[in-house]
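Reckoned from all heavy atoms, side chains included, excluding hydrogens, waters and symmetry mates. Per chain, numbering begins at 1; letters A, B, ... match sequence-line order.
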Amino acid sequence: MNKHVSPKMNRRAFVIGTAAVGTGLAISFDPVFGGPAVARAADGSPEVNAWVAIRPDDTVVIRIARSEMGQGSLTGLAQLVAEELECDWTKVTTEFPSPGQNVARKRVWGDYSTGGSRGIRASQDYVRKGGATARVMLIQAAANEWKVPASECTAANSIITHTPSGKTTTYGKVADAAAKLTPPADVKLKDPKDWRLVGKGVKRLDTPDKVTGTTVYGIDVKLPGMLNAAIKDCPVTGGKLKSYDEAKIAGMKGVKKVLKVGDTAVAVVADTFWHAKTALDALPIVWDEGENAKVSSASIAKWLAEGLDGGQAYVGNSNGDTKAALAGAAKTIEAVYNYPYQNHATMEPMNATALYTADKCEVWCGTQNGEAAFAAVLEASELPAEKCDVNKLLLGGGFGRRGQTDYVRQAVLIAKQMPGTPIKLLWTREEDMTHGRYHPITQCKLTAGFDADNNLTAFHMRISGQSILASLRPDALVKGMDPATFAGLNAKGDAPFGYSVPNLLIEHSMRNPHIIPGFWRGVNVNQNAIYVECFMDELAHAAGQDPLEFRRKLMKDHPKHLAVLEAVAEKIGWSTAPPQGIYRGLAHFASYGSYVAAAAEISVTDGTKIKVHRIVAATDPGYAVNPAQIDRQIAGSFVYGLSGLFYGGITIKDGAVEQTNFDTYDSMRIAAMPKVESIVMPSGGFWGGVGEPTIGVAGPAVLNAYFAATGKRIRSVPLRDQNITFA
Amino acid sequence: MANLTINGKTFTLDVEPDTPLLWAIRENAGLTGTKYGCGIAQCGACTVHMDGVATRSCGISVAEAAGKKITTIEGLASGTTLHKVQEAWIAQDVPQCGYCQSGMIMAVAALLNDKPKPTDADIDEAITNICRCGTFQQVREAIHTIASA
Ligand code: FES
Ligand code: FES
């Protein structure tokens, strides 16, 4: 390991930091599967390789690089390693190697970024190889001890058997010797049909502590001598902190310090968070809100509406000559939809704890991207990589928000002003609601043309609105275009459009208001699925055709899309009439490498109260590592998506976010929860994501059912703005 | 100064009487299983039992809690024997991120105390906690499993 960290390493860490959640910037790394120098886990047990350490009592410690925020990939990744390792699953435990260790060991654990539903699909190959390599080394170590050929030995359930003699030993007994061996150059992975653990809905590994209140989230960190900080950042993005009147809170109980955080925020540090927050609330603050204070939801809506017709637009997908086809169509249909800003509102508000001394800066936090958090610590502390580290904790929700590192930076900037004292920075819910990284706002005009026989001949979709990448990852723009905008609308790739239309044009007029956008579970799938699937439903009705039959005709070249759609249609009983008073709607979409569909059954009272009784949901993620967790991700994503559809919507007044807490940005409760029946139908041969793809289909399925029930189209989100609520 | 009885133990805490019980529990008594989610009695993450009644601890003051028997998630089990709700939560693999689950479990435990066999309507009325991960389907199933045991 280098004693001196070159500036090059710092820069590299910064590059990693910019590879935030969402579409990933591929940074290559060399997985090292062990080596002559035995590395040891924190408790001294030998590392067979970076992924596997085994204790003398046979406990298998599997290293997990990606973050666990509830999505279950900690368990899924452990299953993948354990499958190849052939270890006893009941003896498996996990740990998160720190980002600092990763950088120090030449990124032996690869990418830490946990977003874009990539946690499993982007690392399945090398984590399985990590498990397989360790197995080969453990067997070799036993064979060496017995002085027999390794080929005569097998391993199962953490026990190695020499078949001819029947001699056995355990992983724990040979781990030390195995760790000293040179790893095999190449290992063969199991054929998926031979999996015994992968594909099983085993229980999560992180549950027991979560039911006793003993799990330590970032908000629960306790360090000796720790103080607590509350913060207020300028309510208007782009504005600055002008002044504050510290004298007014002088002598308030517990207050230790009032300080500036960067150019835009002020924090109070106190003995307890409650004291810090109370004093901060009493502190007179003057903001310089700047130009953006003129912006409102109305001004944004007007600007976006202008983009629906005029000006330049990036073309994401096209074939034929759509404009000519529309001009010559026998009939055209047009509709305008919109989808608002949304806040992540993770259950645990943003927080981070930092300890800064002259030669070290350490942070404890929940993060979806340990390496980005690490890069933020380097930048804010101005210390080199070897003097920084981040201790990753379980997240009280992420949904994309914790891929950003603004809260980590703030914690370090505060701790830096109080060297030697650990500082826990916690955002109030109000700070969290008003300083999010919001799901971007868009409008969409859709125009379709039919020939005289009611065949769809042209489909024009023009999105006007905000790009996430332009703000968060400008390096990922392609000649100015944000490819992520076209999630589910592409001609090919891992988020392909599911229809073939002779003349197709899908384009984006990029308009970026000052509100900082972010990756919000499902990201651009949320609105794109509503735009496409609700409009397709409109077209089916305009053509006088059954919504399933209408779609089916356009999906001949999209068998994977069609398979999930037909699966939900069959299970909900689409071909037979629903019970009295129940109405149905369908939707499908593809993103993050997976194919998903939903069929909803709802009833409507007074035209305004929707009861969602049941949603049948199908997903084809290629391979299903843990179907029980996939089932939970589907139902959970529906809660998140439907909360956004019914109750969500962040609005802007005088440049600032208007919603402040769950009273103004509500979230679904159990009473509104439909019965979700999931169909997990992995067709094999590819690895798709799980956490996000399904979120998009619940909304359009419900909206289409609403039309079936009332004859009215809802084209604007959230529904609360139209006085429509859950029954 | 306030005297609070939490999980059968008396705590003498250096807090002002108007301090929300939530923060006294978390910061002064050091019991961090009870979570902060909103501070305005909306989300239920901070739910504890006060004399057996599910109570959102962010919404009541230390002064109001004095003299009451307070139980937090850390005090729900009897020694090493988990409460039946905790057991069911493990059996059903209910938690996702888990952050809301302390409050969810405390709310459900209180419901089952009042109504050992709750109907879906009872559940809808009594359990109004927010779970952003969306574990409601498992929560409902787990409650019914306990009720039918
Ligand atoms: S923190 Fe008390 S109800 Fe939300
Ligand atoms: S389990 Fe994450 S908020 Fe409920």
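- Put simply, the side chain of A/Met347 reaches to within 4.5 Å of the side chain of B/Ile130, judged on heavy atoms.
- No side-chain heavy atom of B/Met104 sits under 4.5 Å from any side-chain heavy atom of A/Val211.
- Comparing A/Pro208, A/Ala345, A/Gly72, A/Pro349 by heavy-atom pairs within less than 4.5 Å of chain B, the highest count is held by A/Ala345.
- Other residues, nucleotides and ligands contribute only 12 or fewer heavy atoms inside 6.0 Å of the NZ atom of B/Lys69.
- Judged by distance alone, the side chain of A/Lys210 and the main-chain N or O of B/Val94 form no donor-acceptor pair under 3.5 Å.
- In terms of heavy-atom pairs under 4.5 Å with chain A, the best-connected choice from B/Gly37, B/Ala45, B/Ser102, B/Gly33 is B/Gly37.
- Counting heavy atoms from C-beta on, the side chains of B/Cys133 and A/Tyr640 never come closer than 4.5 Å.
- Across all their heavy atoms, B/Phe136 and A/Met673 have their closest contact at CB-CG, 3.7 Å.
- No part of A/Asp271 comes within reach of chain B, as not one of its non-hydrogen atoms sits under 4.5 angstrom from that chain.
- For B/Gln137 (side chain) and A/Val676 (main-chain N/O), a donor-acceptor pair under 3.5 Å exists by modelled atom type.
- Counting all heavy atoms, side chain and backbone alike, B/Pro95 lies closest to A/Thr207 at CD-CG2, 3.8 Å.
- If you measure heavy-atom distances from B/Ala91 to chain A, the contacts under 4.5 Å come from the backbone alone.
- Using cut-offs of 30° and 60° for the angle between ring planes, the A/Tyr217 and B/Tyr99 rings count as perpendicular.
- Separation of atoms CG (B/Asn28) and CH2 (A/Trp274) is listed at 12.0 Å; rounding is to 0.5 Å.
- Here the CG atom belonging to B/Asp14 is positioned 9.5 Å from the OG1 atom belonging to A/Thr272, to the nearest 0.5 angstrom.
- A 6.0 Å sphere centred on CD of B/Glu125 holds no more than 12 heavy atoms belonging to other residues, nucleotides or ligands.
- The closest side-chain donor-acceptor pair between B/Arg132 and A/Ser667 falls under 3.5 angstrom.
- When the candidates B/Leu31, B/Ile40, B/Ile105, B/Thr135 are compared by the number of heavy-atom contacts under 4.5 Å with chain A, B/Ile40 comes out ahead.
- In this structure, no portion of A/Phe638 lies under 4.5 Å from any heavy atom of chain B.
- Exactly one of A/Arg204, A/Gln629, A/Lys203 qualifies for a side chain to side chain donor-acceptor pair (under 3.5 Å) with B/Asp93. That residue is A/Gln629.
- Looking at B/Arg26 and A/Asp220, their side chains come closer than 4.5 Å, going by heavy atoms from C-beta outward.
- A/Thr428 touches chain B through backbone and side chain together, each having a heavy atom under 4.5 Å away.
- Distance check, rounded to the nearest 0.5 Å: CD of B/Gln96 to CG of A/Asp206 gives 10.5 Å.
- Of the two parts of A/Val202, only the backbone, made up of N, CA, C and O, holds a non-hydrogen atom closer than 4.5 Å to a non-hydrogen atom of chain B.
- A salt bridge is absent between B/Asp120 and A/Lys675; no separation between the charged side-chain nitrogens and carboxylate oxygens falls under 4.0 Å.
- Looking at heavy atoms from C-beta onward, A/Ile219 lies in side-chain contact with B/Tyr36 at the 4.5 angstrom threshold.
- A salt bridge links A/Lys253 with B/Glu16; the closest basic N to acidic carboxylate O contact falls under 4.0 Å.
- No part of A/Thr214 comes within reach of chain B, as not one of its non-hydrogen atoms sits under 4.5 angstrom from that chain.
- Rounding to the nearest 0.5 angstrom, the gap separating the SG atom in B/Cys38 from the CG atom in A/Asp663 is 8.5 Å.
- For a residue to count as touching a neighbouring chain, one of its non-hydrogen atoms must lie under 4.5 Å from one of that chain's; by this rule B/Glu74 touches chain A with backbone and side chain alike.
- Proximity to chain A (any heavy atom under 4.5 Å) is shown, for B/Ile123, by both the backbone and the side chain.
- With respect to A/Arg669 and B/Asp124, no salt bridge is recorded, no charged nitrogen being found less than 4.0 Å from a carboxylate O.
- If you measure heavy-atom distances from B/Trp89 to chain A, the contacts under 4.5 Å come from both the backbone and the side chain.
- Heavy atoms of A/Asn228 lying under 4.5 Å from chain B belong exclusively to its side chain.
- Of the two parts of A/Leu642, neither the backbone nor the side chain holds a non-hydrogen atom closer than 4.5 Å to a non-hydrogen atom of chain B.
- Put simply, of A/Glu68, A/Lys222, A/Glu430, A/Gln71, the one with the most heavy-atom pairs under 4.5 Å next to chain B is A/Lys222.
- Interface remark: of the candidates A/Arg521, A/His275, A/Gln633, A/His275 forms the most heavy-atom pairs closer than 4.5 Å to chain B.
- Taken from CD in B/Gln42 to CZ in A/Arg429, the straight-line distance is 11.5 Å, to the nearest 0.5 Å.
- When each of B/Gly30, B/Ala77, B/Gly39 is checked for heavy-atom pairs under 4.5 Å with chain A, B/Gly30 comes out on top.
- Proximity to chain A (any heavy atom under 4.5 Å) is restricted, for B/Gln138, to the side chain, taken from C-beta onward.
- Heavy-atom pairs under 4.5 Å with chain A were tallied for B/Gly75, B/Gly44, B/Cys131, B/Pro20; the largest tally goes to B/Pro20.
- Here the CD1 atom belonging to B/Ile90 is positioned 9.0 Å from the CG atom belonging to A/Asp209, to the nearest 0.5 angstrom.
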